[in-house]
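To start, the structure under review is shown below, and the notes come after it.
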Amino acid sequence: MSNKLIDLQHITKAFDGNVVLDDLNLYIRENEFLTLLGPSGCGKTTTLRILGGFETPDKGRVIFDGADITDLAPNKRQLNTVFQKYALFAHMSIAENIAFGLKIRKKSPEYIRDKIRYALKLVNLEGFEDRMPDSLSGGQQQRIAIARAIVNEPKVLLLDEPLGALDLKLRQDMQYELIRLKNELGITFIYVTHDQEEALTMSDTIVVMNQGYIQQIGTPEDIYNEPQNAFVADFIGDSNIVNGTMIQDRLVEIFGVRYACVDTGFGTNKPVDVVIRPEDLELVAVPEDAQKGSPEYESARSRIVQINPGYFEGTVSHIIFKGMHYEMEVQAHGFEWLVLSTRMFQVGTRVLMSVDPFNIQIMHKPESEDEKAVSMDENL
Amino acid sequence: MFFCDLTNREPVTSLRIARQPQILDSEGFELRKLLSRVYLIFIFILLYAPIAVLIVLSFNNSRTRAKWGGFTMKWYVSMFQDEVVMAALFNTLLVAVLSALIATVLGLMASVSLLAMKRKARNVILSMLNIPMLNAEIVTGISLMLIFIAVGQFLSRWGYMIEFGFGTVLIGHITFNIPYTVLSIMPKLRQINISTYEAALDLGASRWLAFRKIILPDIMPGVLSGFMLAFTLSLDDFVITHFTKGPGFDTLSTKIYTEVRKGIKPEMYALSTLLFVSVLVLLLIFGRGNRKKSMTGLVRI
């Protein structure tokens with residue numbers, strides 16, 4: 001896992017004066033499942049196309065296995081691509097599709113036949129040799145596209161949103177298939193997607209991109225639990241992102257209320273972004289007419305301060321049943337808090353709300369141009 | 001092709017009317033139906049009577065047009081024995097095949113590069129392609145003649161000559177065929193999913209191999225219909241051929257024209273019939289190919 005297989009150095013690419021990638025640096029290790037994740041237009045597909053040889057960077061080098069392949073034609077590269085819309089050859093049978101690359105490499109007919117059988121077995125489509133692509137379902141076509149790529153024994157498989165056109169259930173099945181395939185083949189996968197769930201499920205490493213810049217590189221856990229800026233926090237899962245002030249180490253103020261947290265080293269009285277995941281917000285209902293100091297109110301308060309000395313009061317304004325949980329909106333301080341909970345609170349319920357100090361994520365506000373962190377508002 | 005469309009459409013309308021007998025009294029309905037039939041027949045008589053007369057006369061045993069002397073094939077026989085006519089037929093076919101072939105290849109190349117261009121520039125060129133098609137043939141013909149003369153004079157300084165004949169006719173035909181081939185190939189090429197081409201490159205194919213194995217089979221219907229269209233247009237062209245041919249070179253259409261000026265020989269009826277039938281056959285094949293394409297999405301012409 002330690003070997004740098006691919007090294008992208010200072011890659012810059014513009015289309016018609018539109019900068020798509022700006023000084024991108026990224027290395028990819030052997031046998032890694034690396035995902036480029038970001039919204040459309042973030043440069044993830046361009047990065048993949050530069051790797052595949054379909055685009056040439058304006059600046060920068062692509063190093064593959066120690067050799068500079070920046071100007072090498074796609075057909076000379078030791079990597080294969082699985083395209084978004086499968087890109088099967090419609091006038092060729094499945095067997096001919098899979099054999100395409102092998103025939104160009106002048107492999108023997110026996111070798112080709114064995115390889116086709118092996119590849120079809122690998123993608124669970126045995127006996128499909130003589131079918132035509134348009135007689136296959138979307139999921140099956142995608143498997144054939146993968147089979148067609150892997151028979152050439154590439155060192156790296158590039159996948160450009162390969163599951164984008166499939167329905168949800170199929171997409172989930174294919175995610176497991178891809179992980180299995182990767183483990184069986186023992187090769188590097190570079191996967192492009194805008195679907196954060198896909199990225200979290202499959203990847204060893206996630207590269208979050210936005211507007212041509214890498215926002216964060218890390219394991220799925222890192223990215224989810226420790227987003228480095230508001231963009232990442234917002235893009236990976238739903239988040240409540242609010243302005244806060246770091247009063248001192250382990251104490252943050254949000255909308256005038258001070259909460260315990262675990263972050264340190266931000267200095268004192270520093271403006272920060274605060275991220276709270278909707279599933280981490282804890283709610284306790286209070287009767288409508290209970291006055292502060294009344295027994296009902298105090299019992300609710302005592303429960304919430306066990307979680308965090310800081311808490312606030314709000315009203316449930318919206319609720320949707322999502323199957324495993326309820327998705328609610330709670331109005332407080334003029335802000336709509338997104339809450340996920342397995343417990344249901346009727347619309348209009350008065351609630352006390354807080355969050356475990358461990359689940360408050362503090363982030364620097366983007367200060368300079370260099371950080372290029374794009375806040376969620378700009379992005380929406 | 002128009003013929004088929006009209007006859008297909010007519011019974012449908014009358015069926016629709018027939019389903020509402022309570023609204024229309026049957027007498028008015030009958031009259032309407034009768035009138036529409038008569039009108040249709042009248043139109044077709046206007047359209048096809050001249051050709052029908054020509055075809056009938058080509059089988060007339062009598063030399064005069066005034067009376068029917070019985071059925072004969074002798075004009076066809078003597079036509080096929082006439083060396084001059086046969087030479088014209090040969091020229092026609094040669095020019096048609098070559099000009100269609102070259103125009104298709106050039107049109108294919110033009111389409112590929114047009115597709116690679118920016119949209120604005122492409123649209124400008126595509127609309128410029130429309131102009132020669134709408135332009136009066138006689139203008140195209142005379143312009144071609146003038147440019148051949150001009151180039152000929154220019155080249156004569158170095159002792160080269162441009163002789164009007166097969167070469168100039170061929171160039172003329174290629175010129176007016178190219179827009180048609182581009183316009184048949186272009187839509188097919190636009191439908192191509194470019195990632196199939198990239199997938200072929202990705203799997204190790206050179207650009208040429210990827211084009212030949214992946215793109216060409218997909219656009220073949222457009223290429224073939226472009227070729228057929230060019231061939232048909234070249235086959236029955238008179239005006240442009242007339243202005244670019246020079247003396248001593250004739251295609252069927254110019255041959256018929258010169259012969260008719262000398263006085264009408266029944267062989268010319270036979271020759272005209274032959275030209276009409278061959279164009280008709282080509283159009284039928286062409287039209288069938290198109291219809292199949294729209295029905296199944298697959299084409300084999």
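Heavy atoms only: backbone and side chains are in, while hydrogens, waters and symmetry mates are out. Per chain, numbering begins at 1; letters A, B, ... match sequence-line order.
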Which of A:Leu158, A:Asn152, A:Val82, A:Ile104 touches chain B most, by non-hydrogen pairs under 4.5 Å: A:Ile104
Derivation and outcome, side chain to side chain contact (heavy atoms under 4.5 Å, CB included), residues A:Tyr86 and B:Thr196: CA-CA 8 Å; A:Tyr86 327 134; B:Thr196 56; over 6 Å; no
Contacting region of A:Asp134 [heavy-atom separation from chain B under 4.5 Å]: neither
Which of A:Arg148, A:Lys76, A:Met92 touches chain B most, by non-hydrogen pairs under 4.5 Å: A:Arg148
Exceeds 12 heavy-atom contacts within 6.0 angstrom, atom CZ of A:Arg61: yes
Spacing of NE2 belonging to A:His91 relative to CG belonging to B:Leu216, to within rounding of 0.5 Å: 9.0 Å
A:Leu79 versus chain B, the contacting section by heavy-atom distance below 4.5 Å: backbone
Distance (rounded to the nearest 0.5 Å) between B:Glu198 CD and A:Asn75 CG: 12.5 Å
Least distance between heavy atoms, B:Asp202 atom then A:Thr81 atom: OD2-N, 2.6 Å
Residues, nucleotides or ligands: over 12 heavy atoms within 6.0 Å of B:Met109 CE: no
Nearest-0.5 Å distance, CG of residue A:Asp160 to OG of residue B:Ser195: 9.0 Å
B:Leu274, CG: over 12 other non-hydrogen atoms inside 6.0 angstrom: yes
Interatomic distance, B:Tyr197 atom OH to A:Phe89 atom CZ [nearest 0.5 angstrom]: 11.5 Å
Side chain, backbone, both or neither of B:Ala210 within contact of chain A (heavy atoms, under 4.5 Å): neither
Proximity breakdown for A:Leu88 and chain B, heavy-atom pairs closer than 4.5 Å: backbone
Trace of the side chain to side chain contact (heavy atoms under 4.5 Å, CB included) decision for A:Asp16 with B:Lys118: CA-CA 11 Å; A:Asp16 299 327; B:Lys118 297 235 165 74; 3.7 Å; yes
Spatial distance of atom CG (B:Asn193) from atom CZ (A:Phe83) [nearest 0.5 Å]: 9.0 Å
Proximal component of A:Asn80, with respect to chain B [non-hydrogen, under 4.5 Å]: both
Interatomic distance, A:Phe100 atom CZ to B:Leu203 atom CG [nearest 0.5 angstrom]: 6.5 Å
Per-residue contact mode, B:Ile194 against chain A (heavy atom under 4.5 angstrom): neither
